[in-house]
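Structure, as structure tokens:
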Amino acid sequence: MWWKNNIVYQIYPRSFQDSNNDGIGDIPGIISRLDEIKALGAGIIWLSPVYKSPDADNGYDISDYYDINPKFGKMADMEKLFAEAKKRNIKIIMDLVINHTSDEHEWFKKSRDPKSPYRDYYIWRPGKKDKRGRKLPPNNWRGFFMGETWEYDSQSGEYYLHLFDKKQPDLNYKNPKVIEEVKKILRFWLEKGAGGFRCDVINIIYKTSLDDGKKSVSVQGLEHYKSQEGNHAVLKELRRDVLDKYDCFTVGETVFVGLEEAKLLCDESRKELNMVFFFDHLEIDRRVARYIPKKFRASKLLEVMTKWQQSLDWCALYLENHDQPRIVSHFGAAEKDKKYLQTSAKMIAMFQMTLRGTPFVYQGQEIGMTNFDFTGFDQLNDVESSSLNKLMQKFCIPKFLRWKWIKESSRDNARTPFQWDGGENAGFTKGSPWLGINSNYKQINYSSQKNDPESVLSFYKKMIVLRKQSKCLIHGEFVPVYADNRLMIYQRRLDGDVFTVALNFSSNTVKIPQKYAALLKGACVISVSDKNINQNLQPWDGLLVKNN
Ligand code: ISL
Ligand code: CA
């Protein structure tokens, strides 16, 4: 299957490449960089939303699924992108955001009228009253952006549900008309040439009941809408009626998903999704989703990866996306020990490219881009960061602490413009960029790495070539061997082929335990440091060995 033997490259369009110098990345900009994507070795692009949107959540609030955000271009540009990508044998998958629309979508505007046939496209309910007669929302749920989930509409005297921002009203999947609308959207983009969809928060679309949720410190009410039977039924219907008629695949973004639920969502025989993005591995050193740090342990990472690698038919392998901090700042050395930034970026590339599944590389990951060096709240754009800040203010959390947590966790860390070269605005735009550019762009940029065989970019390319040539690295069984706080060793095995991988997630030289040293004596396929390994692994080094 083409999507199994391939690499996906995620583009966050507003930060990739600006073509008309308005400071915002756009579709012609993407077209001008297709050769770079091809050169990396990626054959699939996942495009974060490019649809018409008021941008309350940077495009994840869609006001027209059949049109393009004018900031990014026109439908003709999008068609050209499909055509130019096809010439290079690159498929494009679209971001399918169907849990909610924008409040500026025509459906929602009409649904504000209680008599409209569109009323039931969304979830409208009357409020409650407390003992003293004060108005209360229909239930106690708390949303993904830390705030209220019900917005009162004085025109009809009812509330509508929004699990994200109030400008993102949730659709009602108990209404078959909504499912029919989604089928139309899928067909429209598949007919235009899309190779599939990344499905936004796809395991929470069906709300079984609107009863109060159990008390929780973060999202509250989940048990009424996470991975419900009704949700599975919707996915099966979309697959049967539309997706299975095309040569395409889906990857679901599945929030708070556990292993058993994930299995149900992407078990091939159930015909729902093809694979899912889970979050466990990125949360091994975080509490309360990703907000509060805790100690990194390679052993924990190996344990979590093993569980997922061994249990699912197929994994979506990602370490970064537009919601997550940069991986060199997270698991790598960028914040702890800058001199190993590049080395750690390469070691992480080795980790990702030697796992079982389809790797997703997020723009900038391949050159080792780091978290943004923000210095103040005014430099942030992300709606989640501002909601979190407001919430923490309400609880009187001091500014330095609020800043510390937001700086590390803000989604803007991954959203700063792509660093193409060492020139004006890193070659992203000649205008004024919509979000600040990381000041390290003179050291970390595409053009300085392009022809340097020692660069992070060259290492990604080498790892991708190695992976594509090896059935074992793509499909082989995943076998954990050893791990402690810093060191991780695992194998991949298929039909008598065996590879061993050893990775050092620390700035110390680590000793390979005697018992396993022999495994690393095989033929070295590639190593990060290019040094021969006896009993020791250099700081942040990685080694891939063929054992037979
Ligand atoms: O980033 C998160 C937590 O801090 C997640 O909860 C995130 O909101 C969740 O993974 C859902 O993300 C997706 O849907 C959101 C959108 O804001 C994100 O950009 C998108 O990836 C709502 O559409
Ligand atoms: Ca532009």
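For ligands, and for the atoms within them, numbers begin at 1 and follow the listed sequence.
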Query raised in the report: Given Phe16, which of Asp26, Ile37, Ile27, Leu47 fulfils the side-chain contact (heavy atoms from CB on, under 4.5 Å) condition?
Result: Ile37
Report summary line: Under 4.0 Å between heavy atoms, the region of Arg198 that gets near ligand 1 turns out to be side chain
**Report entry** Among Leu388, Asp200, Asn58, closest by any non-hydrogen atom to atom 14 (O) of ligand 1
**Finding:** Asp200
Query raised in the report: For the side-chain contact (heavy atoms from CB on, under 4.5 Å) test, which of Thr101, Leu96, Leu186 pairs with Tyr65?
Result: Thr101
Query raised in the report: Are Lys91 and Trp3 in a cation-pi contact, defined as NZ or CZ under 6.0 Å from the six-membered ring centre and within 45° of the axis?
Result: no
Requested in this report: Using the six-membered ring of Trp124, assess whether NZ or CZ of Arg119 lies under 6.0 Å from its centre and within 45 degrees of the ring axis.
Outcome: yes
Report summary line: Any heavy atom of His322 under 4.0 Å from ligand 1? The part involved is side chain
Query raised in the report: If you count the non-hydrogen atoms of other residues, nucleotides and ligands that lie under 6.0 Å from NZ in Lys399, is the total more than 12?
Result: no
Query raised in the report: Looking at Glu384, which atoms of ligand 1 are within less than 4.0 Å of one of its heavy atoms?
Result: 1 (O), 2 (C), 3 (C), 4 (O)
Query raised in the report: Would you call Asp61 and Lys167 a salt bridge, taking side-chain N to carboxylate O under 4.0 Å as the test?
Result: no
Requested in this report: Decide whether the shortest distance between a heavy atom of Met146 and an atom of ligand 1 is less than 4.0 Å.
Outcome: no
Query raised in the report: Would one find more than 12 heavy atoms of other residues, nucleotides or ligands at under 6.0 Å from atom NZ of Lys236?
Result: yes
Query raised in the report: Between O of Ile24 and OD1 of Asn20, what angle is found at the Ca ion (ligand 2), rounded to 10 degrees?
Result: 150°
Report task. Number the atoms of ligand 1 from 1 as they appear, then name those within less than 4.0 Å of a heavy atom of His100, with their elements. Result -> 22 (C), 23 (O)
Report summary line: Under 4.0 Å from one or more heavy atoms of Phe279, ligand 1 contributes atoms 10 (O)
Query - the Ca ion (ligand 2) - name of the N/O/S atom of Asp18 that sits closest to it - result: OD1
Report summary line: Arg415 heavy atoms within 4.0 Å reach ligand 1 at atoms 19 (O)
Report task. For Val255, take its heavy atoms, then give the atoms of ligand 1 lying under 4.0 Å from any of them. Result -> 9 (C), 10 (O)
Query - Ion pair check, Glu104 and Lys109, cut-off under 4.0 Å - result: no
Requested in this report: Just give me the atom name: the N, O or S atom of Asp26 closest to the Ca ion (ligand 2).
Outcome: OD2
Query raised in the report: With a 4.0 Å cut-off, would you call Asp421 and Lys450 a salt bridge?
Result: no
Query raised in the report: Is any side-chain heavy atom of Ile98 closer than 4.5 Å to a side-chain heavy atom of Asp200?
Result: no
Report task. Check all N, O or S atoms of Asp22 and name the one closest to the Ca ion (ligand 2). Result -> OD1
Requested in this report: Check each atom of ligand 1 against the heavy atoms of Phe144 and keep those under 4.0 Å away; list them by number with element.
Outcome: 6 (O)
Query raised in the report: Which of the numbered atoms in ligand 1 are below 4.0 angstrom from a heavy atom of Glu253?
Result: 9 (C), 10 (O), 11 (C), 12 (O), 13 (C), 21 (O)
Query raised in the report: Can you tell me if an N/O/S atom from Asn21 lies under 3.0 Å from the Ca ion (ligand 2)?
Result: no
Requested in this report: For ligand 1, indicate whether the residue Asp61 contacts it via side chain, backbone, both or neither (heavy-atom separation under 4.0 Å).
Outcome: neither
Query raised in the report: Which ligand 1 atoms does Asp57 reach within 4.0 Å, using its non-hydrogen atoms?
Result: 15 (C), 16 (C), 17 (O), 22 (C), 23 (O)
**Report entry** Check: His281 and Leu301 side chains under 4.5 Å, non-hydrogen atoms
**Finding:** yes
